[in-house]
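Only one structure is covered here, and it is reproduced in the block below.
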Amino acid sequence: QNDKIYITDLGLGKDQGKGKILVFDSEYNLLDTIGTEIHDNLGLLAPVMIYEKKNFFYITEYGSNKILRFDEKFSFLDWIGTEDEKFSKINNNSWNKTKKFIDIDLLIPHAIKIDLNGLIYIADSGNHRILRYDSNGNYLGWIGKNDENEINNTWNDKKKSMPGIEPGAFKNPLDLFILKDSLLISEVRNNRISKINLDGKFQGWLSFDTKNEIFYWSKNIKDIIELNDPYGFKVHNNSIFIADRGNNRVLIIKSQNLFK
């Protein structure tokens, strides 16, 4: 936003604090920091992602299983999560019950994204599901695989989630990108990127057709691009930039066919 660069500093890791967000201008001059005063100056607990939408900044605290929301001046507003063991373990924490935006038991959350209609999507990585809420924080269900070995592709919320390898199932979904009427999802432990309609239906995996030499979204597992522990990714100008962590590279794919 406004040519600013935001870098997550995990600090000491887990629940030890000292995490923060560094804000730089386009010339790499440090402008500000976010989160150092959180939890009575303990700092953020292993922040892994930051996302800005309509002057709200969402920071995922990996170390606390929570997501914190800040205003455009980087003042803390409210949070997403629940009162778990970390709640009582961190003295003088900032998770005031009166400031809770969404009450949900997250496990190792990562990306949070918001579509054009204001719907909120959260990659609940440790629970192997994608959650959805309206702009007021009202729960609208989840997609993934349930504990009865069924693919939940209707945002049904009646059963518990579990990991899976089938189309429409996830194993540690991590990053998200909203592409028109679809959701792109990186899956760290399944080593793939999935494309799901916003209505929950599976569309395909990021793949390459060797015969026609074209990238596409395939439902055929044999064409899936070989990734290893894909972490974050970005889409820009008909290109996708993938932090292919296990292969020690940033993989760049340019293809108009992928983003029609």
Side-chain angles (χ1 to χ4, degrees), residues 1 6 8 10-11 14-15 17 19-21 23 32-144 155-157 160-161 173-178 183 185 198 200:
Q1 182 193 34
Y6 300 87
T8 56
L10 270 68
K14 296 293 182 180
D15 54 8
K20 58 184 178 290
I21 308 297
V23 185
D32 209 339
T33 58
I34 310 173
T36 55
E37 298 179 356
I38 286 293
H39 310 315
D40 195 21
N41 298 315
L42 177 64
L44 293 167
L45 306 181
V48 291
M49 289 190 170
I50 180 170
Y51 173 65
E52 184 274 334
K53 188 73 172 182
K54 294 185 177 179
N55 294 322
F56 288 110
F57 290 86
Y58 298 81
I59 299 175
T60 303
E61 271 193 318
Y62 167 89
S64 71
N65 296 320
K66 295 172 179 59
I67 299 173
L68 311 186
R69 190 163 64 160
F70 296 74
D71 66 17
E72 71 277 10
K73 295 181 179 180
F74 308 142
S75 296
F76 176 60
L77 294 175
D78 48 26
W79 58 286
I80 300 170
T82 195
E83 292 86 1
D84 53 14
E85 62 179 22
K86 293 291 179 70
F87 192 86
S88 58
K89 184 176 181 180
I90 305 300
N91 295 326
N92 301 318
N93 66 66
S94 298
W95 309 311
N96 190 311
K97 294 181 181 180
T98 63
K99 289 188 174 183
K100 189 190 300 180
F101 176 44
I102 296 174
D103 185 14
I104 180 67
D105 190 7
L106 300 172
L107 181 60
I108 318 177
H110 277 78
I112 178 171
K113 296 294 167 66
I114 301 173
D115 69 14
L116 293 176
N117 296 315
L119 297 183
I120 301 168
Y121 301 84
I122 298 174
D124 190 11
S125 305
N127 286 318
H128 314 288
R129 62 183 179 176
I130 307 300
L131 297 162
R132 185 170 69 173
Y133 297 85
D134 68 17
S135 58
N136 294 316
N138 296 308
Y139 183 52
L140 300 178
W142 61 273
I143 54 172
W155 300 103
N156 189 316
D157 66 343
K160 292 183 179 180
S161 57
L174 197 145
D175 205 359
L176 305 173
F177 183 85
I178 297 172
L183 194 63
I185 305 164
L198 291 182

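For reference, positions follow the sequence shown, starting with 1. Below, all heavy atoms of this structure are taken into account, side chains as well, without hydrogens, waters or symmetry copies.
- By the 6.0 Å and 45° rule, K66 stacks over the aromatic ring of W95.
- Taking Y58 as the reference, nothing meets the ring-ring contact (aromatic ring centres under 6.0 Å, His included) condition, with sequence neighbours excluded.
- Not counting sequence neighbours, K54 has no partner by the salt bridge (Lys or Arg N to Asp or Glu O under 4.0 Å) test.
- Residues T60 and H110 come closest through the heavy atom pair OG1-O, 2.6 Å.
- For the pair K113 and Y51, the cation sits on the ring face: its NZ or CZ lies under 6.0 Å from the ring centre, inside 45° of the axis.
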task: Just do the side chain to side chain contact (heavy atoms under 4.5 Å, CB included) check on F76 and D71 with the steps written out, would you?
output: CA-CA 7 Å; F76 176 60; D71 66 17; over 6 Å; no
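- Y121 OH: more than 12 foreign heavy atoms inside a 6.0 Å radius.
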- request: Using the side chain to side chain contact (heavy atoms under 4.5 Å, CB included) rule, take T82 and N65 through it: C-alpha gap first, then chi angles, then the decisive distance, then the call.
  value: CA-CA 9 Å; T82 195; N65 296 320; over 6 Å; no
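- Scanning for side-chain hydrogen bond (donor to acceptor under 3.5 Å, both in side chains) contacts around K100 gives E83, D103, with sequence neighbours left out.
- At a cut-off of 3.5 Å, with distance as the only test, a side-chain donor of N96 or T98 sits close to an acceptor on the other residue.
- Heavy-atom minimum distance, L174 versus S125: CA-OG, 3.9 Å.
- Residue K53 places its NZ atom among more than 12 non-hydrogen atoms of other residues, nucleotides or ligands, all under 6.0 Å distant.
- When the salt bridge (Lys or Arg N to Asp or Glu O under 4.0 Å) test is applied to R132, no partner is found at least two apart in sequence or on another chain.
- With sequence neighbours excluded, the residues that form a ring-ring contact (aromatic ring centres under 6.0 Å, His included) with Y139 are Y133.
- Residues I34 and I59 come closest through the heavy atom pair CG2-CD1, 3.7 Å.
- Every side-chain contact (heavy atoms from CB on, under 4.5 Å) that H128 has, sequence neighbours left out, goes to P163, K171, N172.
- The aromatic rings of F74 and F57 sit perpendicular to each other, their planes meeting at more than 60°, with 30° as the lower class boundary.
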field: I130 vs W155, side chain to side chain contact (heavy atoms under 4.5 Å, CB included): CA-CA, chis, key distance, verdict
entry: CA-CA 9 Å; I130 307 300; W155 300 103; 4.2 Å; yes
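- The CD1 atom of I80 sits 6.0 Å away from the CD1 atom of I120 when rounded to the nearest 0.5 Å.
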